[in-house]
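Structure record follows, encoded as structure tokens.
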Amino acid sequence: MAGFYSGQDGELLVNDTKAAKVRSWSFTFNQAVLETNSLEDTDRTIIHGMRSYTGSASIYYYQDSSGSGSGQLTTLINQVIKGGTGAGDSVNAESSYVKFKLKIKDGTANGRFIEFTAIPTNITMTSAIGEVMSADISFEAHGAPSGLVL
């Protein structure tokens with residue numbers, strides 16, 4: 001069936017579980033190049049260098065029932081922000097890798113997606129009068145994508 005995809009066709013899965021109430025997600029692919037020219041060359045020549053994937057997501061902060069937390073946003077926060085063992089001792093656990101799947105529902109069982117392990121590099125939570133509380137997350141991929149259907 002021909003047609004355009006819209007934002008409501010997008011999904012974000014975190015550690016194989018659908019992240020509830022996602023406002024948006026995005027990813028960026030970067031390909032570095034390495035120059036292969038020498039002093040006598042007159043034209044620039046290049047080869048493939050390192051690839052990298054970065055992205056971001058905006059998730060609404062809410063809970064299904066009183067005291068239930070905010071689903072995958074709570075999971076993300078707990079994997080990234082680690083408490084110390086005492087007041088100001090700066091001894092705490094490392095942040096964890098997170099498996100992200102950025103998906104577009106296209107009418108098939110699996111949809112179109114890119115899946116990769118990443119390290120969240122930034123989480124910003126926002127609370128403002130008249131707006132739903134949300135969190136913005138940035139991440140950088142660790143290695144190549146583990147799944148890709150685009």
- Begin from the C-alpha positions of Lys101 and Asn15 and carry the test side chain to side chain contact (heavy atoms under 4.5 Å, CB included) through to its verdict. CA-CA 8 Å; Lys101 185 174 190 177; Asn15 294 334; over 6 Å; no
Distance-only donor-acceptor check, side chains [X] and [Y], under 3.5 Å:
X: Thr36; Y: Thr45; value: yes
X: Asn122; Y: Thr124; value: yes
X: Thr108; Y: Asn110; value: no

- About how many Å separate CG of Asp106 and CZ of Arg112, when rounded to the nearest 0.5 Å?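 Answer rounded to 0.5 Å: 5.0 Å.
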- Message: Within this structure, what is the OG1-NZ distance for the pair Thr117 and Lys99, rounded to the nearest 0.5 Å?
- Response: 7.0 Å
Identify the heavy atoms of [X] and [Y] that sit nearest to each other, and give their distance.
X: Phe116; Y: Ala141; answer: CD1-CB, 3.8 Å
X: Phe29; Y: Arg51; answer: CE1-CD, 3.6 Å
X: Ala118; Y: Phe139; answer: CB-CB, 4.1 Å
X: Thr126; Y: Met133; answer: O-CG, 3.2 Å
X: Leu34; Y: His48; answer: CD1-O, 4.1 Å

- Query: Checking Trp25 side chain against Glu11 main chain: does a donor-acceptor pair fall under 3.5 Å?
  - Reply: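 Here the side-chain-to-backbone pair exists.
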- Verify the neighbour count for atom CD of Gln31: are there more than 12 heavy atoms of other residues, nucleotides or ligands below 6.0 Å? yes
- If a pair satisfies side-chain hydrogen bond (donor to acceptor under 3.5 Å, both in side chains) and one of its residues is in residues 137-150, list it, with sequence neighbours excluded.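 Listed once each, the pairs would be none.
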Membership question, hydrophobic clusters at under 4.5 Å side-chain separation (ILVMFWY): are [Y] and [X] in the same one?
X: Ile104; Y: Ile59; answer: yes
X: Ile123; Y: Val14; answer: yes
X: Ile119; Y: Met50; answer: no
X: Tyr5; Y: Val149; answer: no

- Message: Ring centroids only, cut at 6.0 angstrom: are Phe100 and Phe27 within range, meaning strictly under it?
- Response: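 When the ring centroids of Phe100 and Phe27 are compared, they turn out to be at least 6.0 Å apart.
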- Query: How far apart are the C-alpha atoms of Lys103 and Leu12, what are their side-chain angles, what is the distance that settles it, and do they pass the side chain to side chain contact (heavy atoms under 4.5 Å, CB included) test?
  - Reply: CA-CA 6 Å; Lys103 181 178 174 182; Leu12 170 66; over 6 Å; no
Do [X] and [Y] have side chains that get closer than 4.5 Å, going by heavy atoms?
X: Glu40; Y: Ser38; answer: yes
X: Tyr53; Y: Ile114; answer: yes
X: Asp16; Y: Glu115; answer: yes
X: Asp136; Y: Arg23; answer: yes

- Message: One thing to verify: whether Lys105 and Asp9 come together as a salt bridge, which I'm taking to mean a side-chain N less than 4.0 angstrom from a carboxylate O.
- Response: no
- Task: Report the C-alpha separation of Ser134 and Ser58 in whole Å, then their side-chain angles, then the decisive distance to 0.1 Å, and conclude whether the side-chain hydrogen bond (donor to acceptor under 3.5 Å, both in side chains) test is met.
- Result: CA-CA 7 Å; Ser134 64; Ser58 183; 4.6 Å; no
